[in-house]
Engineer: 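Submitted below is the structure of interest, expressed as structure tokens.
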Amino acid sequence: RPPRSTLFPYTTLFRSAMASRVPVEGGESETASVMAYGFDPFISEKSPWRGAYLAVVDSIAKLVAAGNGLGNIRLTFQEYFQRMNSQIAWGRPLAALLGALEAQLDFGAAAIGGKDSMSGSFESLHVPPTLVSFAVGVCPAKDIVSGEFKKAGSQIGWLKPVYRDNGTPDPVSQKALFDRVDALIKAGKVLSAYAVGKGGAAAAADRKSVV
């Protein structure tokens, strides 16, 4: 593992999460604040419920992969939907909020704020049903890891949860995976960690293709 000073300077923008040492008077803090987001407009367009649920899971997964762990994560949501001019239109934010609520209950992460807009329409054009989940947390700065490969010859593993028929991860399986990743990071056995998302393992492995 590289020296911590080169692995984690004062503020680091990873490709999947942001980590920053908490500023204190007279020196560097050993506590880091961590933030990540989750949202896939293509999934949300097909199913606002599933899109919102997975947005929450994705944002949490990125924090866990960065070294934060599951225990102290809080969420805030950014919601953007078409103009509310029909029962169908009203059903989309309702479905998204129900999906986000179920994910909060499943993973013990409460939303403590948010911003919404119901004006995403221009004539016949509408924004996709949008619920972006932002996850924030604090953890020891020494636990922060980034996603890029550190050295040649390292072993690579892919940990995957069990998925349910509705296309979302089983929460018991997913939480067990989160706890396993957190334990491995805290034990110093992880050089790099990345939450695999859109594009799959190939996009995660090819750093240039990951946004």
Side-chain angles (χ1 to χ4, degrees), residues 1-24 27-43 51 54-76 78 103 107 109 132-161 163 169 173-211:
R1 169 175 290 198
R4 185 61 60 176
S5 60
T6 61
L7 183 63
F8 181 39
Y10 187 81
T11 299
T12 301
L13 293 174
F14 303 143
R15 292 185 185 272
S16 59
M18 182 283 298
S20 177
R21 292 181 187 270
V22 177
V24 294
E28 281 192 341
S29 169
E30 292 306 315
T31 299
S33 63
V34 193
M35 180 173 68
Y37 80 95
F39 175 62
D40 187 325
F42 300 100
I43 294 176
L54 292 176
V56 171
V57 176
D58 190 30
S59 64
I60 293 174
K62 290 174 181 176
L63 250 61
V64 172
N68 184 87
L70 183 60
N72 66 347
I73 291 175
R74 298 295 181 267
L75 307 171
T76 182
Q78 172 69 58
F107 296 96
V132 183
S133 173
F134 295 92
V136 296
V138 293
C139 68
K142 64 180 179 62
D143 291 337
I144 295 294
V145 296
S146 55
E148 76 280 359
F149 294 124
K150 303 298 190 301
K151 64 179 184 180
S154 298
Q155 292 184 339
I156 303 173
W158 187 7
L159 305 179
K160 295 186 287 186
Y163 273 79
S173 173
Q174 185 69 72
K175 285 190 291 185
L177 189 154
F178 285 156
D179 290 341
R180 183 180 179 188
V181 171
D182 186 44
L184 289 170
I185 290 175
K186 285 181 168 55
K189 297 181 179 180
V190 176
L191 288 175
S192 308
Y194 189 86
V196 177
K198 186 178 180 181
D206 180 6
R207 312 313 308 160
K208 294 182 180 179
S209 70
V210 178
V211 177

Engineer: Does the side chain of Leu75 come within less than 4.5 Å of Ser59's, by heavy atoms?
Structural biologist: yes

Engineer: Determine whether a donor-acceptor pair (N or O, by modelled atom type, separation under 3.5 Å) exists between the side chain of Arg21 and the backbone of Ala32.
Structural biologist: no

Engineer: Taking the side chain as everything from C-beta on, heavy atoms only, tell me whether Val34 gets closer than 4.5 Å to Val138.
Structural biologist: no

Engineer: Would you compute the distance between atom CD1 of Ile43 and atom CG of Leu54 and round it to the nearest 0.5 angstrom?
Structural biologist: 5.0 Å

Engineer: Who passes side-chain hydrogen bond (donor to acceptor under 3.5 Å, both in side chains) against Asp179, sequence neighbours left out?
Structural biologist: none

Engineer: Hey, mind stepping through Gln174 and Phe107 against side chain to side chain contact (heavy atoms under 4.5 Å, CB included) and telling me if it holds?
Structural biologist: CA-CA 9 Å; Gln174 185 69 72; Phe107 296 96; 3.5 Å; yes

Engineer: Let me see the working for Asn68 and Ile73 under side chain to side chain contact (heavy atoms under 4.5 Å, CB included), right down to the final yes or no.
Structural biologist: CA-CA 8 Å; Asn68 184 87; Ile73 291 175; 3.4 Å; yes

Engineer: Going by the rule side chain to side chain contact (heavy atoms under 4.5 Å, CB included), which residues pair with Ala55 if we only count those two or more places apart in sequence or in a different chain?
Structural biologist: Ser133

Engineer: Please round to the nearest 0.5 Å and tell me the distance separating atom CE of Met18 and atom OG of Ser33.
Structural biologist: 5.0 Å

Engineer: Could you go through the side chain to side chain contact (heavy atoms under 4.5 Å, CB included) check for Ser192 and Val145 one step at a time?
Structural biologist: CA-CA 6 Å; Ser192 308; Val145 296; over 6 Å; no

Engineer: Quick one: does Lys150's side chain have a donor or acceptor within less than 3.5 Å of a partner on Leu191's backbone?
Structural biologist: yes

Engineer: Check whether any side-chain heavy atom of Thr76 sits under 4.5 Å from a side-chain heavy atom of Val136, and report yes or no.
Structural biologist: no

Engineer: Identify the heavy atoms of Gly67 and Cys139 that sit nearest to each other, and give their distance.
Structural biologist: O-SG, 3.8 Å

Engineer: What I'd like to find out is whether the side chain of Tyr194 reaches to under 4.5 Å of the side chain of Lys62, using heavy atoms alone.
Structural biologist: no

Engineer: CG/Leu70 to NZ/Lys175 distance, rounded to the nearest 0.5 angstrom?
Structural biologist: 7.5 Å

Engineer: Ile60 and side chain to side chain contact (heavy atoms under 4.5 Å, CB included): which partner among Leu63, Val64, Val57, Asp58?
Structural biologist: Val64

Engineer: Measuring from Lys186:NZ to Asp143:CG, what's the distance to the nearest 0.5 Å?
Structural biologist: 4.5 Å

